[in-house]
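Along the sequence shown, the residues carry numbers beginning at 1.
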Amino acid sequence: MTHHFFIAGGSGFVGSHLVEYLIGKGEQVTVADLMPPSSSNKLASYLDKINYMWKNMNDLQEKDFDSVDYVIYLAAQADVPLAISSPRYTFDINILSLVHVLELLRSKQKTKLIYLSSKNVYGKVPENRIPIIEEETLRPTDPYGASKAAADLTCQSYSNAYGLPITILRSGGIFGPRSRPTQVIPTFIRQAQKNEKISIQGDGSQATDFNYILNLVEAIMLATEKDAVGIYNISYGEEVSIIELTDLIIETT
């Protein structure tokens, strides 16, 4: 049975892999994004196979969700430095645009929403409470994390107040093909290939859980297939320190 997937903010890194997966499964796909189709390089191979809407989330209408089974909400201002310099813009994009879509979905009770949250909603968690569980208190430490936490809680409130079927996925840092070139793994790979000094901040002991993109795509698909309303942390499940990551990249390259 074919399903209709609506991907809000689908022309980016995560969206391109999700579209690729869905097209391979023969699913019907609609993408809505601020990026014009001519500039959507990550989706260039799939534009003739999907319905692409060049639209701001705030201009979506109820009719845009007709026949939609699943809404995958990826739209966000996801640049932390920009969030610090432009917090008002970040909150407007990350919260109010989501509220607009949630209001539209109130009339479509059977349309399931999968919202991509972030590990940044947790902020700095003491070592004795790692690995982080979903019940951990949200203590974001910057405007980006605060905007995602507010959006996360907004989704929870709509699910509780209006009975909307919503799944929230809080992912660790994502890496893989077509990721943003400024992220740590592609940056370190470029530096290693050029025999440049690896730009480690601090002593390199800081560790994180790097989540491969297809692991996240699989989690999104499981959220659509299962009755998995609620909050789920999605990660690789093992911390890697920056110095370990650096050594592995140098060895590999």
* Asked: Tell me, do Asn51 and Val29 make a side-chain contact under 4.5 Å, heavy atoms counted?
  -> no
* To do: Test side-chain hydrogen bond (donor to acceptor under 3.5 Å, both in side chains) on Thr208 and Glu239 and set out the steps.
  => CA-CA 5 Å; Thr208 191; Glu239 282 192 331; over 6 Å; no
* Can you tell if the side chain of Leu18 reaches within under 4.5 Å of the side chain of Met221, non-hydrogen atoms only? -> yes
* List the atom of Ile93, the atom of Ser97, and the distance in Å for their closest heavy-atom pair. => O-CB, 3.3 Å
* Within the side chain of Gln191, is there an N or O that forms a donor-acceptor pair under 3.5 Å with the backbone of Ser199? -> yes
* Asked: What's the shortest heavy-atom distance between Tyr70 and Val68, and which atoms?
  -> O-CG1, 3.4 Å
* **Aromatic plane relationship, Phe6 with Phe65 - under 30° parallel, 30 to 60° tilted, over 60° perpendicular** => tilted
* Asked: When you measure from the side chain of His100 to the backbone N and O of Asn58, does any donor-acceptor pair fall under 3.5 Å?
  -> yes
* Asked: In terms of hydrophobic clusters joined by side-chain contacts under 4.5 Å, are Leu98 and Met57 together?
  -> yes
* How many angstroms lie between NZ in Lys25 and OG1 in Thr2, if you round to the nearest 0.5 Å? -> 12.5 Å
* Any side-chain heavy-atom pair of Glu225 and Leu222 under 4.5 Å -> yes
* Asked: Shortest non-hydrogen contact from Tyr144 to Ala78?
  -> CE1-CA, 3.6 Å
* Is Asn120 close to Lys148 at the side-chain level, that is, under 4.5 Å between some pair of heavy atoms? -> no
* Asked: What closest approach, in Å, do Pro140 and Ala146 show between heavy atoms, and which atom pair accounts for it?
  -> CB-N, 3.4 Å
* Co-membership, hydrophobic cluster, residues Val101 and Val229, 4.5 Å side-chain -> no
* To do: Indicate yes or no: does Asp66 engage Lys108 in a salt bridge with an N to O separation below 4.0 Å.
  => yes
* **Whether Gln206 side chain and Gly204 backbone form a donor-acceptor pair below 3.5 Å** => yes
* Asked: How long is the gap from OG on Ser117 to OH on Tyr122, to the nearest 0.5 Å?
  -> 7.5 Å
* Assess whether side chain to side chain contact (heavy atoms under 4.5 Å, CB included) is satisfied between Arg180 and Phe13, documenting all intermediate values. => CA-CA 7 Å; Arg180 287 187 295 169; Phe13 171 39; 5.6 Å; no
* Structure fact -> In short, Leu138 meets Ala149 closest at the heavy-atom pair CD1-CB, 4.1 Å
* Side-chain touch Phe175/Gln183, heavy atoms, less than 4.5 angstrom -> no
* Asked: How about Thr167 and Tyr115: do any of their side-chain heavy atoms sit closer than 4.5 Å?
  -> no
* To do: Can you establish whether the number of heavy atoms outside Asp48 located under 6.0 Å from its atom CG is more than 12?
  => yes
* Does some side-chain heavy atom of Phe5 sit less than 4.5 Å from a side-chain heavy atom of Thr224? -> yes
* Determine whether the side chains of Gln77 and Tyr89 contain a donor N or O and an acceptor N or O closer than 3.5 Å. => no
* Structure fact -> So CG of Asp203 and OG of Ser241: to nearest 0.5 Å the spacing works out to 9.0 Å
* With sequence neighbours left out, which residue pairs that include part of residues 7-17 fulfil the side chain to side chain donor-acceptor pair (under 3.5 Å) condition? -> Ser11-Asp33, Ser16-Arg178, His17-Arg178
* Asked: In Å and rounded to the nearest 0.5 Å, what is the OH to CG distance from Tyr158 to Leu113?
  -> 11.5 Å
* Any donor and acceptor pair, going by atom type alone, linking the side chain of Arg190 with main-chain N or O of Pro181 inside 3.5 Å? -> yes
* Is there a donor-acceptor pair under 3.5 Å between the side chain of Thr90 and the backbone N or O of Ser86? -> yes
* Sidechain-backbone polar pair: Asn211 side chain, Gly173 backbone, donor-acceptor under 3.5 Å -> no
* Asked: After noting the C-alpha distance and the side-chain angles of Lys55 and Asp64, does the key distance pass the salt bridge (Lys or Arg N to Asp or Glu O under 4.0 Å) rule?
  -> CA-CA 11 Å; Lys55 236 179 186 184; Asp64 293 326; 2.9 Å; yes
* Asked: Are Asp152 and Arg170 close enough for a salt bridge, meaning some N to O gap below 4.0 Å?
  -> yes
* Do the side chains of Leu43 and Val19 get nearer than 4.5 Å, heavy atoms only? -> yes
* Check whether any side-chain N or O of Glu218 sits under 3.5 Å from a backbone N or O of Asn215 as a donor-acceptor pair, and report yes or no. => no
* Asked: Rounded to the nearest 0.5 Å, what separation is found between the CD1 atom of Ile242 and the CZ atom of Phe188?
  -> 5.5 Å
* To do: Find out if a path of hydrophobic residues (ILVMFWY) with successive side-chain heavy-atom gaps under 4.5 Å connects Leu116 to Leu96.
  => no
* Asked: Would a distance-only check, ignoring hydrogens and angles, find a side-chain to backbone donor-acceptor pair under 3.5 Å from Lys112 to Ala223?
  -> yes
* Could you tell me whether Lys49 atom NZ has more than 12 heavy atoms of other residues or ligands within 6.0 Å of it? => yes
* Asked: Around atom OH of Tyr236, are there more than 12 heavy atoms of other residues, nucleotides or ligands at under 6.0 Å?
  -> no
* Report yes or no: do Leu60 and Trp54 belong to one cluster of Ile/Leu/Val/Met/Phe/Trp/Tyr joined by side chain heavy-atom distances under 4.5 Å? => no
* Treating Ile, Leu, Val, Met, Phe, Trp and Tyr as nodes and any side-chain heavy-atom pair under 4.5 angstrom as an edge, say whether Leu164 and Ile7 lie in one connected cluster. => no
* To do: Please indicate whether Gln201 has more than 12 foreign heavy atoms, meaning atoms of other residues, nucleotides or ligands, lying under 6.0 Å from its CD.
  => no
* To do: Could you grab the distance from atom NE2 of His4 to atom OG of Ser67, nearest 0.5 Å is fine?
  => 5.0 Å
* Taking all atoms of both residues into account, what is the closest heavy-atom pair of Ile166 and Ser159, and its distance? -> CD1-N, 4.0 Å
* To do: Ignoring hydrogens and angles, tell me if any N or O in the side chain of Thr253 forms a donor-acceptor pair with the backbone of Ile249 under 3.5 Å.
  => yes
* Asked: Would you find a donor on one side and an acceptor on the other, under 3.5 Å apart, between the side chain of Glu134 and the backbone of Asn233?
  -> yes
* Asked: Should the heavy atoms of other residues, nucleotides or ligands under 6.0 Å from CD of Glu103 be counted, would the total exceed 12?
  -> yes
